[in-house]
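Note sheet for the following structure.
Computed from a prediction, not measured in an experiment: that's the story for all the values here.
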Amino acid sequence: MADTAPTFELKEPATPEALLPRDFSQQSWSAAAVLTLLVLVVCCVRWLRRRRTQMTPRSRRNHAYKEAAAALERITAMEARSAAVQTSLILRRYLSIAADDPALFETHEEFITRNDALLALSEPARSACAAGFARLAAYKYAPQVPASEATAVVGEARELLETLHRDFRN
């Protein structure tokens with residue numbers, strides 16, 4: 001009977017929060033924010049892709065021309081060989097974008113021997129391109145550093161860029 005003796009110890013009542021239903025509003029707001037952000041990213045990616053594919057060949061050429069002209073202005077090479085390397089890369093990048101031609105990824109010999117190279121250009125522009133790239137190749141691969149000035153090489157490249165940009169067929 002000693003075990004059944006009443007105790008007058010006061011116990012804390014159970015917290016009422018445990019009896020309330022869980023509040024999922026914080027998780028729902030977080031999920032809604034993440035979902036909204038995901039939808040915005042997908043919309044932006046689609047918009048950028050659509051905008052890129054909607055560029056006409058002429059606008060793509062004009063954009064490539066502006067980039068190439070600006071890149072030619074930034075060349076600060078002190079010798080003709082390094083200027084020829086830089087201008088060749090700039091002109092090949094221009095051709096790869098403007099004429100949709102793989103000239104950027106080919107060697108000089110591959111570019112010259114390919115019959116379908118630069119069909120979008122007029123015949124005088126193609127011959128000027130072949131002659132211009134041959135001069136650049138001579139500067140780049142000469143056994144000795146050429147005696148020409150780097151500014152002359154950049155000037156020739158600028159003239160070639162103007163000729164190429166002006167003489168597209170379409």
Side-chain angles (χ1 to χ4, degrees), residues 30 32-170:
S30 299
V34 168
L35 184 63
T36 303
L37 184 64
L38 183 66
V39 167
L40 283 173
V41 167
V42 168
C43 289
C44 287
V45 167
R46 283 185 157 186
W47 179 74
L48 287 173
R49 282 186 181 170
R50 192 175 331 127
R51 185 173 172 234
R52 186 177 304 148
T53 58
Q54 287 179 348
M55 288 182 74
T56 64
R58 181 177 300 279
S59 65
R60 211 175 21 233
R61 274 196 308 269
N62 289 337
H63 181 69
Y65 171 75
K66 288 176 186 173
E67 284 182 356
L72 286 174
E73 292 297 323
R74 288 190 303 265
I75 292 179
T76 59
M78 300 306 278
E79 61 179 23
R81 178 175 289 158
S82 60
V85 169
Q86 291 176 12
T87 57
S88 176
L89 183 63
I90 292 167
L91 290 172
R92 286 173 183 265
R93 186 176 298 126
Y94 168 76
L95 287 174
S96 70
I97 295 170
D100 198 24
D101 191 83
L104 180 61
F105 311 104
E106 294 177 327
T107 64
H108 178 69
E109 290 80 17
E110 290 172 335
F111 178 68
I112 296 299
T113 58
R114 192 164 39 92
N115 291 333
D116 64 340
L118 306 175
L119 291 177
L121 290 171
S122 66
E123 186 59 40
R126 276 188 282 187
S127 61
C129 183
F133 276 116
R135 278 193 308 276
L136 289 174
Y139 289 136
K140 291 189 302 187
Y141 305 122
Q144 299 293 327
V145 176
S148 299
E149 300 248 347
T151 55
V153 174
V154 174
E156 289 176 13
R158 192 173 296 116
E159 288 175 20
L160 180 57
L161 177 65
E162 294 292 330
T163 302
L164 293 175
H165 187 66
R166 181 181 56 243
D167 288 345
F168 272 94
R169 288 185 180 168
N170 49 4

* Identified side chain to side chain contact (heavy atoms under 4.5 Å, CB included) partner of Cys43 from the options Val45, Val41, Val39 ->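 The passing option is Val39.
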* **Partner of Ile75 under side chain to side chain contact (heavy atoms under 4.5 Å, CB included), chosen from Thr87, Thr151, Val153** =>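 Considering Thr87, Thr151, Val153, a side chain to side chain contact (heavy atoms under 4.5 Å, CB included) with Ile75 is found only for Thr87.
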* Within-4.5 Å side-chain heavy-atom neighbours: Ile90 and Leu161 ->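 Result no, sub-4.5 Å side-chain heavy-atom pair not found.
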* Asked: Is there a side-chain contact between Leu72 and Tyr94, using heavy atoms and a 4.5 Å cut-off?
  ->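 A side-chain contact is absent here, since even the closest heavy-atom pair is not under 4.5 Å.
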* For Ser82, check side chain to side chain donor-acceptor pair (under 3.5 Å) against everything at least two apart and list the hits. =>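 Residues passing side chain to side chain donor-acceptor pair (under 3.5 Å) with Ser82: none at all.
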Testing the basics here: between [X] and [Y], what is the closest heavy-atom pair and its distance to 0.1 Å?
X	Y	result
Phe133	Leu91	CZ-CB, 3.7 Å
Glu79	Ala150	O-CB, 3.6 Å
Ala84	Tyr139	CB-CB, 3.5 Å
Ala128	Thr163	CB-CG2, 4.2 Å

* Asked: Angle class for the His165/Tyr65 ring planes (parallel below 30°, perpendicular above 60°, tilted otherwise)?
  ->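 Parallel, since the angle between the ring planes stays under 30°.
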Distance from [X] atom [atom1] to [Y] atom [atom2], nearest 0.5 Å?
X	Y	atom1	atom2	result
Lys140	Gln86	NZ	CD	11.5 Å
Arg92	Cys129	CZ	SG	8.5 Å
His63	Arg60	NE2	CZ	11.0 Å
Arg126	Leu164	CZ	CG	11.5 Å
Asn62	Glu67	CG	CD	11.5 Å

* Asked: Backbone N or O of Val85 within a donor-acceptor pair of the Ser88 side chain at under 3.5 Å?
  ->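 Judged by distance alone, no pair lies under 3.5 Å.
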* To do: Answer yes or no: does atom CD of Glu149 have more than 12 heavy-atom neighbours from other residues, nucleotides or ligands under 6.0 Å?
  =>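 Incorrect, the count does not exceed 12.
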